[in-house]
Amino acid sequence: MKILVKKTSPTITTPCLIFFTPEGRTSPQLLAQLDDHFCQLVTTAQRSNEFRGRHAETLLLHAVGTSGPNRILLVGIGKAGDASLDKLRQAAGSAVAVLKQKNISKATFSQSDLVIKKTTAEQQAQAIVEGILLANYQYLRYQHPAPDTAKPLEQLVLLAADAKTLALLQRGANRAEAICAGVHLARDLVNAPGNLKSPEFLAMQAVAMAEKNGIKAHLLDQARLQQLGCGALLGVAQGSTRPPYLIVLEYAGDPTGAAPLALVGKGVTFDTGGISLKPADKMDEMKMDMGGAATVIGTMLAAARLELPVNLVAVVPAVENMPSGNAIRPGDILTSLSGKTIEVLNTDAEGRLILADALTYVGRYNPRAVIDLATLTGACIIALGNQAAAILGNDDKLIDQLLQAGQRSGERLWQLPLWEEYAGQIKSDFADVKNTGGRPAGTITAAAFLQKFADQYKWAHLDIAGMAWEDKGKVGIPRGGSGFGVRLLIDYLLDEAGRA
Ligand code: BES
Ligand code: MN
Ligand code: ZN
């Protein structure tokens with residue numbers, strides 16, 4: 001989609017002019033202007049209580065024999081006091097839903113009159129454009145012809161009151177475009193079906209993205225992983241005929257050569273459970289078990305597009321978890337890259353096995369901090385549902401920074417405790433540690449397992465099991481991969497880079 005920022009004029013021609021309207025009150029000036037064009041329709045609609053400006057409420061009106069816009073779309077942003085960037089983003093998304101449904105492919109947004117406390121015009125433009133781009137996303141690779149409902153918006157104009165605002169809006173729009181490129185890539189990767197999406201496919205997609213964006217990429221193949229001794233990762237991979245990769249991406253944005261921030265993403269391209277086979281119901285969704293990897297790869301793309309002044313390294317262990325004559329069995333003992341031995345009690349707890357080696361490997365970079373993202377436990381969905389990802393870790397400051405980025409971005413996190421007593425549940429009788437801790441506190445014992453491999457640096461773990469996949473589809477996220485975490489991480493990185 002094309003996004004343009006233009007100076008406003010009283011004689012705008014556009015198929016649809018969009019106004020954000022707070023609940024209860026429309027500024028008299030705006031109202032007069034709208035009524036002028038639309039034969040008092042706006043006042044009439046408000047009087048009839050057909051449109052109150054409730055959050056994400058919409059009203060589409062047609063101009064009657066006037067010049068100027070052909071239509072007007074009022075979009076509620078709710079009570080002025082409660083308005084936030086996240087609400088604005090969602091309101092913009094609900095506008096897109098109307099435009100798509102009515103087959104309107106070009107629209108103009110007016111931001112004048114928008115009041116959101118403690119925000120700049122740049123931030124508002126960013127939120128609006130993000131809302132639009134996220135809602136406009138579709139995965140149509142396998143649908144011929146595209147369904148009727150799939151008419152994306154082609155062009156969008158943002159109106160600026162003056163030259164100074166124009167520059168701000170342009171900056172906000174550019175930022176949103178870079179970030180949403182990352183979210184869209186993450187969604188595409190998650191939505192790709194398991195037959196296409198081998199570990200090699202994921203590796204090739206990451207390399208292609210890196211080459212186009214000035215990011216260094218290298219792949220550790222099976223032979224190299226054997227040489228290094230990545231026994232945990234290789235153990236999970238051995239049930240599949242498709243070989244594993246450890247994908248490493250490096251983005252150098254800070255010329256001072258400061259220690260990198262590291263991102264680690266679980267890349268199980270399909271999780272059958274292995275010999276501890278999952279039930280058939282909804283197993284198709286397990287193509288999303290590389291959601292952490294997708295978010296990390298998407299974040300690298302967005303960071304490069306934004307030219308963030310930070311050094312980043314991304315490590316993605318990519319494997320397929322299959323049952324076969326070669327697969328690992330319950331009771332098997334694997335020797336990880338760290339040297340620690342792991343008793344595999346359940347082959348379906350495979351994410352922590354591959355992450356163990358990835359977390360050890362990333363230590364080579366002496367990272368300033370490590371953040372891992374993983375669709376790690378069903379227990380996380382039981383705890384938090386689909387409203388927040390769980391965060392756990394060994395550094396309160398890092399966790400607080402991420403919690404705040406979650407608040408700002410609307411991609412929320414909720415902290416769970418990682419008291420040392422939980423580690424008691426993963427003590428093994430036969431090895432250094434076992435890969436399951438029973439049903440109680442499943443998300444925490446999974447993190448306690450990871451912690452054993454993340455003791456060299458500041459570390460936070462995000463369990464995104466309930467967030468990586470949108471089951472029904474909602475404003476801004478069609479059914480399928482959500483790209484959850486890209487906006488959150490970029491928000492954190494902007495903060496870290498002092499540019500928020
Ligand atoms: N990938 C799953 C977790 C998952 C479940 C993600 C549902 C998204 C939706 C993970 O590999 C898994 O199977 N975890 C097991 C661990 C258990 C065997 C200790 C689980 O949560 O049941
Ligand atoms: Mn599993
Ligand atoms: Zn899994």
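What you see below is based on every heavy atom in this structure, not just the backbone, and it leaves out hydrogens, waters and symmetry mates. Atoms within each ligand, like the ligands themselves, are counted from 1 in listed order.
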Undergrad: Which option out of Val268, Leu345, Asp348 puts a heavy atom nearest to atom 12 (C) of ligand 1?
TA: Asp348
Undergrad: Taking 4.0 angstrom as the limit and counting only heavy atoms of Thr375, give me the atoms of ligand 1 inside it, by number and element.
TA: 1 (N), 2 (C), 3 (C), 6 (C)
Undergrad: Check Asp271 and report its N/O/S atom nearest to the Mn ion (ligand 2), by atom name.
TA: OD2
Undergrad: When you draw lines from the Zn ion (ligand 3) to OD2 of Asp289 and to NZ of Lys266, what angle lies between them, to the nearest 10°?
TA: 90°
Undergrad: Look at the side chain of Lys340 and the backbone N and O of Lys452, then say whether any donor-acceptor pair between them is shorter than 3.5 Å.
TA: yes
Undergrad: Decide, yes or no, whether a salt bridge links Lys427 with Asp432 under the criterion of side-chain N to carboxylate O below 4.0 Å.
TA: no
Undergrad: Any luck finding a side-chain donor-acceptor pair between Thr335 and Thr341 under 3.5 Å?
TA: no
Undergrad: Which ligand 1 atoms, with their elements, are less than 4.0 angstrom from a heavy-atom of Ala465?
TA: 6 (C), 8 (C)
Undergrad: Counting non-hydrogen protein atoms only, what is the nearest one to atom 8 (C) of ligand 1? Give residue, atom name and distance.
TA: Met288 CE, 3.5 Å
Undergrad: Less than 3.5 Å apart, any donor N or O on the side chain of Asn321 or Thr272 sitting next to an acceptor on the other?
TA: no
Undergrad: Looking only at N, O or S atoms in Glu350, which is nearest to the Mn ion (ligand 2)?
TA: OE1
Undergrad: Got the closest protein heavy atom to atom 16 (C) of ligand 1, with its distance?
TA: Arg352 NH2, 3.8 Å
Undergrad: Which option out of Met290, Met286, Lys266 puts a heavy atom nearest to atom 5 (C) of ligand 1?
TA: Met286
Undergrad: Determine, for Asp400 against Lys397, whether the closest basic-nitrogen to carboxylate-oxygen distance falls under 4.0 angstrom.
TA: no
Undergrad: One residue to check: Arg439. Relative to ligand 1, which of side chain, backbone, both or neither has a non-hydrogen atom less than 4.0 Å away?
TA: neither
Undergrad: Less than 3.5 Å apart, any donor N or O on the side chain of Asp254 or Asn311 sitting next to an acceptor on the other?
TA: no
Undergrad: Between Tyr492 and Gln404, does the side chain to side chain donor-acceptor pair (under 3.5 Å) criterion hold? Intermediate values first, please.
TA: CA-CA 8 Å; Tyr492 162 77; Gln404 280 167 29; over 6 Å; no
Undergrad: Only N/O/S atoms count here: what is the atom of Glu350 closest to the Zn ion (ligand 3) called?
TA: OE2
Undergrad: Counting only nitrogen or oxygen atoms and a 3.5 angstrom limit, does Gly378 reach ligand 1?
TA: yes
Undergrad: Among all the protein's non-hydrogen atoms, which is closest to atom 14 (N) of ligand 1, and how far away is it?
TA: Leu376 O, 3.4 Å
Undergrad: Quick one: nearest non-hydrogen protein atom to atom 2 (C) of ligand 1, plus distance?
TA: Asp271 OD2, 3.6 Å
Undergrad: We want to know whether Asn346 and Thr436 form a side-chain donor-acceptor pair, criterion being a heavy-atom distance below 3.5 angstrom.
TA: no
Undergrad: Please tell me whether Gln124 and Thr119 have a donor and an acceptor in their side chains that are separated by less than 3.5 angstrom.
TA: yes
Undergrad: When you check the side-chain N and O atoms of Asn191 and Tyr137, is any donor under 3.5 Å from an acceptor?
TA: yes
Undergrad: Report yes or no: does His461 contribute a side-chain atom to a donor-acceptor pair with the main-chain N or O of Ile371 at less than 3.5 Å?
TA: no
Undergrad: Which ligand 1 atoms does Thr436 reach within 4.0 Å, using its non-hydrogen atoms?
TA: 19 (C)
Undergrad: Which N, O or S atom name in Asp271 marks its closest approach to the Zn ion (ligand 3)?
TA: OD2
Undergrad: Measuring from the heavy atoms of Ile381, does anything fall under 4.0 Å of ligand 1?
TA: yes
Undergrad: Please indicate whether any nitrogen or oxygen in Asn346 is less than 3.5 Å from any nitrogen or oxygen in ligand 1.
TA: no
Undergrad: Does ligand 1 come near enough to Thr377 that some N or O of the ligand is less than 3.5 Å from an N or O of the residue?
TA: no
Undergrad: Taking 2.8 Å as the cut-off, does Asp348 contribute an N, O or S atom near the Mn ion (ligand 2), distance below it?
TA: yes
Undergrad: What protein heavy atom is closest to atom 1 (N) of ligand 1, reported as residue, atom name and distance in Å?
TA: Asp289 OD1, 2.8 Å
Undergrad: Do NZ/NE/NH1/NH2 and the carboxylate oxygens of Glu496 and Arg368 come within less than 4.0 Å?
TA: yes
Undergrad: Does a salt bridge link Glu200 with Arg242, judged by any charged N lying under 4.0 Å from a carboxylate O?
TA: no
Undergrad: Test your reading of the structure: does Glu350 have an N or O sitting under 3.5 Å from an N or O of ligand 1?
TA: yes
